[in-house]
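Chain letters run A, B, ... following the sequence lines, proteins first, then strands; residues in each count from 1.
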2 protein chains.
Amino acid sequence: MDTFALKKAGLKATLPRLRILEILEGGGDRHLSAEDVYRALLDAGEDVGLATVYRVLTQFESAGIVERHNFDGSHSVFEMARGPHHDHMVCLDTGQVVEFFDEEIEKRQHVVAAANGFDLLDHSLILYVKRKR
Amino acid sequence: MDTFALKKAGLKATLPRLRILEILEGGGDRHLSAEDVYRALLDAGEDVGLATVYRVLTQFESAGIVERHNFDGSHSVFEMARGPHHDHMVCLDTGQVVEFFDEEIEKRQHVVAAANGFDLLDHSLILYVKRKR
DNA sequence: ATGCCTGCAAAGCTTTTGCAGATGC
DNA sequence: GCATCTGCAAAAGCTTTGCAGGCAT
């Protein structure tokens, strides 16, 4: 199962790590805060500490297994780093998160960076939106 | 002077507020953390509290006098809301901040939001870059 | 067996808040 | 004079770290 992904990252396949992977892969919301993951573990009857959740998520991030985002300035959210790159829009009314990818935006970012004498290493794009009515 | 901008925002023209405006407008770096502003005040011999700096910056943000950004997840930086909208690229080697504006990116953001049934209210775009060599 | 992990509690950082005194108008 | 504002200290919220015991290999 997921033990492989962990071993590949040089991480022992411990119970907390496997459970956290399950939660991130689970069918629900795919963008979870550390607190969200912690609560989900408690709800599932698991006995893990919040500190472990933070440690594991940080390790997963370093290993490229999950991505960390900052939709608002106050806390991080994590999602499985499955598949190709995408950015996010966040509904300010409901908190709903929608993923999107726009080739043109991606391209322009490289152009803009190059025009200023830089190489583009990474970027963060978040659209704050509201449902149309 | 700047007293006008403050009055217009319904804020009394107090010494701390005027000094903070001066620092933000001053010739140096235009993207300052609360701590940066606080340090600059101390260096200038002013006797203000860090709490006041935070309060004033937050009030300025509400009044539209300054903008708050989160270049990294760990703290906010502030800049005067002078002139037209722009985004930022941050050099991961030096911390240098470069402002830019790209019409095409701006346009596509609206298109993408609309395509998902949303109105675009705001956005945050940060390019993480490295000087070319 | 041994070195990596974990839970707990404590600490760290940035930011906010309560309160009594000070200040602008 | 009165409401607003400020400094200080304390607290809050998120995240990290130290440590002693526990687990995977």
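Rounded to whole angstrom, the span from the NE2 atom of A:His75 across to the C1' atom of D:dT16 amounts to 18 Å. Look at CG on B:Leu57: it is 15 Å from P on D:dC5, rounded to the nearest Å. Taking atom CG of B:Leu50 as the reference point, atom P of C:dT16 lies 10 Å away to the nearest angstrom. Rounding to whole angstrom units, CG of residue B:Leu11 and P of D:dA3 are separated by 18 Å. The nearest whole Å value for the distance from the CG atom in B:Asp47 to the P atom in D:dT6 is 12 Å. Whole-Å rounding puts the A:Leu41 CG to C:dT6 C1' distance at 13 Å. When the C1' atom of C:dA10 is taken as reference, atom CZ of A:Arg55 falls 13 Å away, rounded to whole Å. What separates NZ of B:Lys7 from C1' of D:dT4 is a distance of 13 Å, to the nearest Å.
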Show each protein N/O and nucleotides 11-13 of chain C N/O combination with a separation under 3.5 Å, one pair to a line.
none

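Projected onto DNA chain C by closest heavy-atom contact, B:Glu35 and A:Ala51 fall at different nucleotides, the more 5' of which corresponds to A:Ala51. If B:Asn70 and A:Gly10 are placed on DNA chain C by their nearest nucleotide, the residue sitting closer to the 5' end is A:Gly10.
The stretch residues 14-22 of chain A comes close to DNA chain C through A:Thr14, A:Pro16, A:Arg17, each having a heavy atom under 4.0 Å from the strand.
Atom CZ of B:Arg39 has 12 or fewer heavy atoms from other residues, nucleotides or ligands within 6.0 Å.
When all heavy atoms are compared, the tightest approach of B:Ala34 to B:Val53 is O-CG1, 3.6 Å. Across every non-hydrogen atom of B:Lys130 and B:Cys91, the tightest pair is CA-SG, 4.3 Å.
You'll find the ring centres of A:His85 and A:His123 inside the 6.0 Å limit. The ring of A:His88 has its center no closer than 6.0 angstrom to the ring center of A:Phe100.
Residue A:Ser33 is out of contact with every strand shown, counting any heavy-atom pair closer than 4.0 Å.
Applying the 4.0 Å criterion to OP1 and OP2 of D:dT16, one finds that A:Tyr54 has every side-chain N and O outside that range. Applying the 4.0 Å criterion to OP1 and OP2 of C:dT15, one finds that B:Ser76 has a side-chain N or O inside that range.
Partner of B:Leu32 under the side-chain contact (heavy atoms from CB on, under 4.5 Å) criterion, chosen from B:Val77, B:Val66, B:Ile23: B:Ile23.
Geometric assessment of B:Arg131 against the ring of A:Phe118 yields a positive cation-pi assignment under the 6.0 Å and 45° thresholds.
Side-chain atoms of B:Glu35 and B:His75 include no donor-acceptor pair closer than 3.5 Å. Donor-acceptor pairing under 3.5 Å is recorded for the side chains of A:His86 and A:Glu79.
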